[in-house]
S.K.: 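I'd like to ask you about the structure that follows.
Letters go in sequence order (proteins before strands), and every chain restarts at 1.
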Amino acid sequence: MAEDKNEKKWYDYLLTIKKPLVYLGMFLVVIIPFLSRCKLKTYETDLVKKVFTRVEKIHEYNKEHPDSKRGILLGFDYGPSTTPENDPMLYAVLRHAFLRDIPVVAWAPYVAYLQLAEGRIKRIAKEYKAEYGKDYVFMGLAYPPTPYMISTGTDMRPMFNTDYYGNDVYKLPILDRFNNYDAFGLVVTISGTAMPEVWLRYANSLYNQDVAVATTAVNAAKFYAYAASGQFTGMIAGLKGAAEYEQMVTRLENKVIDEDIKEYLTGLYKNVDKDKYPEKYYEPEYTKSEINTAILRRRQAGRGMSSQFGAHVYVIILIIIGNVGYYFKRRDEKRRKTGKWGA
Amino acid sequence: MGTILWSTFAVFLTLSIFSFLIKDNPFYKFAEHLFAGISVGYLVVITFTQIFIPRVWKPLMNSIDTGNILRSAFLIIGVFIGLLYLSRASNKYSWLSRYPISIVVGFGSGFAIAPSLNARVLKQLHSTVVEDGQSLLNIQKIIAFFRDPSFSSLYNATYGPLLVIGVLVVLIYFFFSFKNDNPVIKYTRTPALLYMMVGFGAAFGYTFMARISLFVDRMNFILNRWWPLIQNKLM
């Protein structure tokens, strides 16, 4: 019997699944873990552990040398388009630094990142009663970044004149010491761009400064070569890396604070001198919804990982289905051409 | 009330953008144009308040007040050279923009060449030969694997040679991409392709993770931030 060329085979159905159906499937696999409040513990990789260990080493050093402490220079190198991945990284790194009382100096290299950075940094500083100008400072815009990175080899202050809030950089006590690479135990670049390469080129290559990178998954493949060669001290890559770091910091936080986080935040600004915390930087009190948000923030990446898992399994299945369909379709076409059909 | 309104508007914009998955439509177009317009407006204002005012205007006024002529002149010359960029708008005077461009290119190249060579070539080359003071082609690690076979000793024994072989075959592939029947070039093509496929696969996997993260975040916003607000308001 002659083969009907228009007859649809089983693999044709596999290869012509409608796009809206594929999207609907993706929507479901992402949303179900959210609705079911599914929790997934993630394993911790060496590259992320290296960043964590490096920060811990700074803490150890600071304990032994209280008069010549080392800090962290934080490059806020991301914009709104990559906040889902970079935000949990930033929160985890800042929580770790403030938890260990490590001074933080931060800047942002592009105007679009400024307000984003300011809001996020003060949000975390507030959770640990960090004082602006003493425990942390946001320098504001460092554009174009190259001269700022180079000037930090000697003193970053002349490049800035003022910080983000307009304070004179020579009047901020934190900057008396933390104004060049010698005072920083680590540069952490939280990035959704190619900025880590620029840090590597100037801070690491010129000044031998340790640089750790926290980057989006898209950029991770590019930066692996530098992490493997040891040029980057460690790497937090994508939501998975963020979930790992978040997990490590939460474990540390439970150990250091040793108190239910809700109670800790509720009592944080009771019986403290509120004049130490000008409202320009953050309001020294917590509302109920702020506490809930702060608690949710502690598992921001971890919560996303359950959906990631579902989405990855779903795509693996789709790739297998597509390949199986394509394989059998090609096999049949080949047989049809060589006349071996039905043999 | 303001929070609910703005959050609901954010949800509306998110859904408008996602509606493009079905097909192009006015909601998508509205969200897209709104984003483009707001981005430009925001950047102009922030550039003025965060660059011009604190980096130019205030220091200039300050140095004029204190009679620091040298600093004032330095700032004015800098602003003048920067303004030459705007000459591109005129056909007659666009050549003036070459001055600021040449300064930026000169400075950038001068500073970038040596550190780039160091960071991207020399250190990478070094790490393809030596790791932690030991050669990557370390026969001792291979012997250690045969003495005590385990996953960890297998990884230690194969990691270095695989990396070195990978770098060599891929370099050969790109260096001799023309037809060449030399056996070295001929027989390294398939392994080079395999290495590259693994690299592309890893890049694709990571890209997929990144895109899903964006979607997860929007769902997180809708389900964990916006919806509880609405629930609280309704109850």
S.K.: Between B/Y42 and chain A, which part of the residue has a heavy atom less than 4.5 Å away: side chain, backbone, both or neither?
M.R.: side chain
S.K.: Residues of residues 216-223 of chain B under 4.5 Å from chain A (heavy atom pairs)?
M.R.: B/V216, B/D217, B/M219, B/N220, B/L223
S.K.: Please rank A/Q300, A/K19, A/R303 by heavy-atom pairs under 4.5 Å with chain B and give me the top one.
M.R.: A/R303
S.K.: Heavy atoms only, distances under 4.5 angstrom: which of B/I22, B/T207, B/I46 has the most pairs with chain A? Name it, please.
M.R.: B/I46
S.K.: Go through the atoms of B/Q124 and report whether side chain, backbone, both or neither lie under 4.5 Å from a heavy atom of chain A.
M.R.: both
S.K.: Is chain B contacted by the side chain of A/A301, its backbone, both, or neither, given a heavy-atom distance below 4.5 Å?
M.R.: neither
S.K.: Examine whether an atom of B/F48 lies under 4.5 Å from a heavy atom of chain A, and if so say whether it belongs to the side chain, the backbone or both; otherwise answer neither.
M.R.: neither
S.K.: Between B/A112 and chain A, which part of the residue has a heavy atom less than 4.5 Å away: side chain, backbone, both or neither?
M.R.: both
S.K.: By number, which residues in residues 217-224 of chain A have some heavy atom less than 4.5 Å away from chain B?
M.R.: A/A217, A/V218, A/A220, A/A221, A/Y224
S.K.: What option among A/S307, A/G304, A/A311 has the most heavy-atom pairs under 4.5 Å with chain B?
M.R.: A/A311
S.K.: In terms of heavy-atom proximity below 4.5 Å to chain B, should A/S81 be classed as side chain, backbone, both, or neither?
M.R.: backbone
S.K.: Under a 4.5 Å heavy-atom cut-off, does chain A meet the side chain of B/N232, its backbone, both or neither?
M.R.: neither
S.K.: Is chain A contacted by the side chain of B/P54, its backbone, both, or neither, given a heavy-atom distance below 4.5 Å?
M.R.: both
